[in-house]
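What you see is a predicted model; the values in this text were computed from it and never measured.
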Number of protein chains: 2
Amino acid sequence: MNFQQLRIIQETVRRNFNLTEVAAALFTSQSGVSKHVRDLEEELGVDLFIRKGKRFLGLTEPGKDVAMVVDRILLEVGNLKTVAAQFSDTDSGNLTVAATHTQARYALPPAVAEFKRQFPRVHLTLTQASPAEISTMLLEGAADIGVATESLADTDDLIAIPYYTWHHAVIVPQDHPLTAHDSLSLTELAQWPIITYHDGFTGRPRIDQAFAEANLSWDLVMAAMDADVIKTYVQLGLGIGIIASMAFDAQRDQGLVLLDSASLFPASTSYLAVRKGRLLRGYARSFLQSCVPSRKSLLERLGQG
Amino acid sequence: MNFQQLRIIQETVRRNFNLTEVAAALFTSQSGVSKHVRDLEEELGVDLFIRKGKRFLGLTEPGKDVAMVVDRILLEVGNLKTVAAQFSDTDSGNLTVAATHTQARYALPPAVAEFKRQFPRVHLTLTQASPAEISTMLLEGAADIGVATESLADTDDLIAIPYYTWHHAVIVPQDHPLTAHDSLSLTELAQWPIITYHDGFTGRPRIDQAFAEANLSWDLVMAAMDADVIKTYVQLGLGIGIIASMAFDAQRDQGLVLLDSASLFPASTSYLAVRKGRLLRGYARSFLQSCVPSRKSLLERLGQG
DNA sequence: GATGCTTACGATACCCGTAAAGATA
DNA sequence: TATCTTTACGGGTATCGTAAGCATC
């Protein structure tokens, strides 16, 4: 048994049992991959994969158990390297943060700036992705820290730390009739065409929930993944927008008006998340700390004294 | 990085940093061991061991962290093999139970008999050892299950399951003056020379505790590791014995009398223990189950569905 | 016929063990 | 001096990659 075999098992599961892809992903030959799989199966005395002729279709029952343990082993191997790197070169290395557009653009900039100041020798990669992709990246080790409003708190094997709480707000063009109102109601909103976030993005479930609970049908004319797109089309007069309030900047967004609507929609919480059991470099912990300065205990909850 | 290197790191710590011993334990050459250590240190970029000239003295700070992770990796590697073996050959294999004399002789026989009946193809090894040795064996993977009254419940990285509770009892020769008494007191006991268990064996702390709390000094004339030795010398008239009550058998131990003394000493609890994070074969779980039939939940606490 | 897995085979690199040298107690 | 680690070197083996063969879709 060797590490390459374990990596191949893991990658085979991730790549939908296509050994050719696995070989490409691990920068080696198909033939080698094939042999490694056979060798390991022989050594363990059980078939790990369901085969139909020469095709791989999935994991056998023992294969499922083995794959779980393999994941843990490779996770710990990563931790080994992390521990060593932590000592050999404390303040240099890589940090990959995967975040949604909303987070990357409106929440993270201060933390990122602070981080670059504090750790100039760390290469920081800020990857933009959907909440689901962020989950996957964290689980597969492709990212160290994830930031999103959706999906992170529900996933086992992730540790989610509440980051901040915010409300949705309505934006309309400067001359829009709604600007005349003193206070907004959902019923009024529902009478206009609405542009807001896609399913699974930036608190969208809370918008659906608010209208559903009020028993209102609403006219969603467009769904986007980020507030900038929404704002663009609101400005074009396609409809009124519902965005995260922190995405509005009176300075930059001239021609648009933000209408307070904190009371209309339930609050949303954005989360920072890391993979359970994955050791973080010191500077990664600092990054989290600078995002949520008060929560000393939460870092301890990561199991990383 | 490869598994052999990790095994060497682990074994180097266990063998007190003597590479020659490590090589012998792993059935390989010193030179290879030496090179592997250097190679891994080079790959990780940190020294793992404190050296004085060419001698190894201990672990560096990063070495300590690395050694912990290495232990976890190798533990999981063992689990990998266990998982596979579990499927490839369900009811054959090995089971090593490490137990003290008291447990092996007076508590375990029914469970062992039941086990042999149920799993005739499993090779069962019952190793007799001191509580401290049992701990070590469990931690190092040399035993699957440990049984003892002392030390198992206090050790982190072990999961201890209460097995049964018992009391100490006094044994005296048939014609001994104490047999005339209706009820025994500690004060009376303290007037006789006493033979009982060694420190760290079979509830000895509770005996010390009882006398200490009563402010009595007592005359320990002999300390043994098992009840059979104690009984022998009690029979010879060297003193009165304090043993675990289940170690007395009226049939076998003719010439001796058991005096009830449940009220004199605090109750003792014997434990079954397994290494935290170590996967058990199905038959090993059955063994535990047959020892504590009622505690379904405790087996779940082992993290082994 | 295109894609994907297996087998065969030759080159390479890695791992191991012997032996000698150097360091420590 | 005896014990222990390092270095040097040669032999063996496992791993890898190319290429051909064969099954699946």
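- Using a 4.5 Å heavy-atom threshold, the side chains of B/T28 and B/H36 count as separate.
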Query raised in the report: Which nucleotides of nucleotides 17-23 of chain D have their base under 4.0 Å from a protein heavy atom (B), which only their sugar-phosphate (S), and which neither (-), written as one string 5' to 3'?
Result: BBB-BBB
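- The number of heavy atoms from other shown groups lying within 6.0 Å of NZ (B/K276) is above 12.
- Taking a 4.0 Å limit (strictly below) on heavy-atom distances, residues 2-25 of chain B reaches DNA chain C at B/N2, B/Q4.
- For A/F119, the ring-ring contact (aromatic ring centres under 6.0 Å, His included) criterion is met by A/F115, not counting sequence neighbours.
- Taking side-chain N and O atoms only, A/H36 has a distance below 4.0 Å to OP1 or OP2 of D/dC16.
- A/Q10 and A/R7 share no donor-acceptor pair across their side chains, judged by distance under 3.5 Å alone.
- Rounded to whole angstrom, the span from the CZ atom of A/R51 across to the C1' atom of C/dG4 amounts to 13 Å.
- At a threshold of 4.0 Å, the pair A/D144-A/R281 does not count as salt-bridged, since none of the basic side-chain nitrogens sits closer than that to a carboxylate oxygen.
- By the neighbour-count criterion of 12 heavy atoms within 6.0 Å, atom CE of B/M222 is densely surrounded, having more than that number from other residues, nucleotides or ligands.
- DNA chain D is contacted by no residue of residues 57-65 of chain B, taking any non-hydrogen atom closer than 4.0 Å.
- Taking atom CD1 of residue A/I50 and atom C1' of nucleotide C/dC5, one finds them 17 Å apart after rounding to whole Å.
- The side chain to side chain contact (heavy atoms under 4.5 Å, CB included) test applied to B/R15 returns B/E11, B/E21, B/V22, B/A25, not counting sequence neighbours.
- Side-chain contact annotation: A/Q103 with A/S270, donor-acceptor N/O pair under 3.5 Å present.
- Nearest heavy-atom pair across B/R121 and B/D91 is CB-O, 3.5 Å.
- Between B/R38 and D/dT5, a side-chain N or O to OP1/OP2 separation shorter than 4.0 Å is absent.
- Evaluation of the ring-ring contact (aromatic ring centres under 6.0 Å, His included) rule for B/F87 yields no partner, not counting sequence neighbours.
- Atom P of nucleotide C/dC14 and atom CG of B/L40 are separated by 15 Å, given to the nearest angstrom.
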Report task. Show your working on side-chain contact (heavy atoms from CB on, under 4.5 Å) between A/T82 and A/L280 and close with a plain yes or no. Result -> CA-CA 7 Å; A/T82 301; A/L280 295 177; over 6 Å; no
